[in-house]
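Since the structure comes first, as structure tokens, the remarks are kept for the end.
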Amino acid sequence: MAENKETIFVIVGASGDLTYRLLMPAIFRLHQMGQWLSPVVGYAPDAWDDNAFKEHVHTGLKEFVPSFDEKTWDTFSLLLSFQRGELAGKDFEGLSKAVGDGPAVFYLALPPSLFGTAAQGLADAKLNTALNGARRLVVEKPFGHDLASAETLRMQLHQGWQEEQIFRIDHFLGKETAQNLLVFRLTNRFLESIWDAEHIRSVQITYAETLGLEGRWRYYDQAGALRDMLQNHLMQLFTLVAMDPPATWAADSLHNHKTEVLRAVRPIEPSEVDQRAVRGQYLAGTVAEQAVPGYLQEPHIPAQSTTETFAALKLWVDNWRWHGVPFYLRSGKRLARDYAEVAIQLKEVPRGLFGEGHENWLIFRMKPDEAIDMVVWSKEPGLVLNTRRRILSTPYRRQEEMEYSAYEQLLLAVLQGDRTPFPRYDEVEEAWRIVDPVLQAWAHGRPHGYPAGSEGPSQQDQLMQSGIAWRHLLSNPSD
Ligand code: BG6
């Protein structure tokens, strides 16, 4: 479906890195594929005119869009214009004129500390309502630093904007595998009947990166892996696995069910943080055959920093469906391999007629490639009834199929006013509620060291219930 070309897309903070590296390339690609015809207004304090803005965008696109072509640029550049201004209400007057009274999206491509000011400024300039169409506000994670600051941010945004107008970007919800989790679960009859504590032994969600800080030390050293990856991205994947099916594919119905399962997560008591969470910090090591420094030796990182670059959590869901099933979430930087998956471990059959140890797994792999694997058992060919492990594997996409990035998916959804892939505030709040006690405990002490290029700190094994082990990052995907 092509988007509504009447909607004006305003990027507040149009001279920043996010716009340059991610937003503009995504919008350009959508235009290339015939999906984006909306005008894009860049808004920033820089002394630019339309042409200077276009030149800036042009340079970025050539660098960041491998499929860039000048012919598409010719039509794309006609969609672009620039408005200069700061973030107070009176500064937005020029923008008000440019936007008129039709539908518009305001994307805050700004540091989170400015979200409140910008949202208020836009509302003071009455850009939050229009006679002839919807007005939307887009913000991107982090949504606060902890439960209290998330609530402060919510209040600031809600002063001028209704919750229905706010689109919070968690880019994982634009990833194909995240979207497929519910589709696969809820279209295959055989899965729903085993999707519970009776049949599932554990769920393991892993997002392992070989990357280090990538120049983001200022943000990362304040954030750490729990805030950067688990509170939002991995918690969203968890929610999609654990939620009950909504009655309809309507945003509020979906969000109600997501919130409900988050509310069912058993609180982590301060006294049990060590049994429910493990943190690590990488030491010097070797990643992809390259020697890399430890976190504390990275440029700009304070020598005493206790920021975790690896975090793992064990969650219990106190409802009928999941009673007694541990959910494990982990993510880390400078690990052995770029590998990510949502792995569902099934219980063994009640009586092993052909031996023991016949575990089934259903694996939604996200990296290095997207695929669904099922680990099953069958008879080994031959004269005796031996069993052997087999993998039923299907790549997620066919080779010739188009790949849309998470940003492309989500920007189009914003334009179309589709709120399903954007977390509602109560989901964000519940996710903070879950991790807050861990953050508080981790304000003291130090993370465990792990060598760069390893599978993370060995202490992560202490989270495992008896008979359950982490899946290895280094073996073949479905081993
Ligand atoms: C971001 C985190 O939100 O997600 C990064 O801030 C992380 O630290 C990234 O590397 C991972 O997502 P992707 O899509 O780049 O694999």
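FYI, side chains are in, hydrogens and waters are out, and symmetry mates aren't considered; it's all heavy atoms of this structure. Order of appearance sets the numbers: ligands from 1, and atoms from 1 within every ligand.
- Interface of Lys141 with ligand 1, defined as ligand atoms under 4.0 Å from a residue heavy atom, comprises 1 (C), 2 (C), 3 (O), 6 (O).
- Glu209 OE2, 3.6 Å is the protein heavy atom nearest to atom 11 (C) of ligand 1.
- Contacts with ligand 1 closer than 4.0 Å are made by no heavy atom of Tyr220, backbone or side chain.
- Using a cutoff of 4.0 Å between basic side-chain nitrogens and carboxylate oxygens, Arg227 and Asp146 are not scored as salt-bridged.
- Distances between N or O atoms of Tyr219 and those of ligand 1 include no value under 3.5 Å.
- Distances shorter than 4.0 angstrom occur between a heavy atom of Asp228 and an atom of ligand 1.
- Listed by atom number, the atoms of ligand 1 under 4.0 Å from Lys333 heavy atoms are 5 (C), 7 (C), 8 (O), 10 (O).
- Salt-bridge annotation for Glu163 and Arg168: present, with a side-chain N of the basic residue lying under 4.0 Å from a carboxylate O of the acidic one.
- When ring centroids are compared, Phe64 and Phe28 stay outside the 6.0 Å threshold.
- Contacts of Glu214 with ligand 1, taken as heavy-atom pairs under 4.0 Å, are absent altogether.
- Within ligand 1, the atoms closer than 4.0 Å to a non-hydrogen atom of Phe172 are 12 (O), numbered from 1 in the order shown.
- Under a 4.0 Å N-O distance rule, the pair Arg424/Glu427 does not qualify as a salt bridge.
- Of the protein's non-hydrogen atoms, the one nearest atom 14 (O) of ligand 1 is Lys175 NZ, 2.6 Å.
- None of Tyr207, Phe238, Phe422 except one satisfies the ring-ring contact (aromatic ring centres under 6.0 Å, His included) rule with Phe172; the exception is Tyr207.
- Atom CZ of Arg365 and atom OG1 of Thr394 lie 10.5 Å apart (nearest 0.5 Å).
- Ligand 1 has no nitrogen or oxygen under 3.5 angstrom from a nitrogen or oxygen of Lys367.
- Residues in residues 285-296 take part in these side chain to side chain donor-acceptor pair (under 3.5 Å) pairs, two or more places apart or across chains: Asp221-Tyr295.
- For residues 18-32, the set of pairs meeting the salt bridge (charged side-chain N to carboxylate O under 4.0 Å, His left out) definition, not counting sequence neighbours, comprises Asp17-Arg21, Arg29-Glu408.
- Protein heavy atom nearest atom 16 (O) of ligand 1, with residue, atom name and distance: Tyr207 OH, 2.5 Å.
- Summary of contacts: the protein heavy atom closest to atom 4 (O) of ligand 1 is His171 CE1, 3.3 Å.
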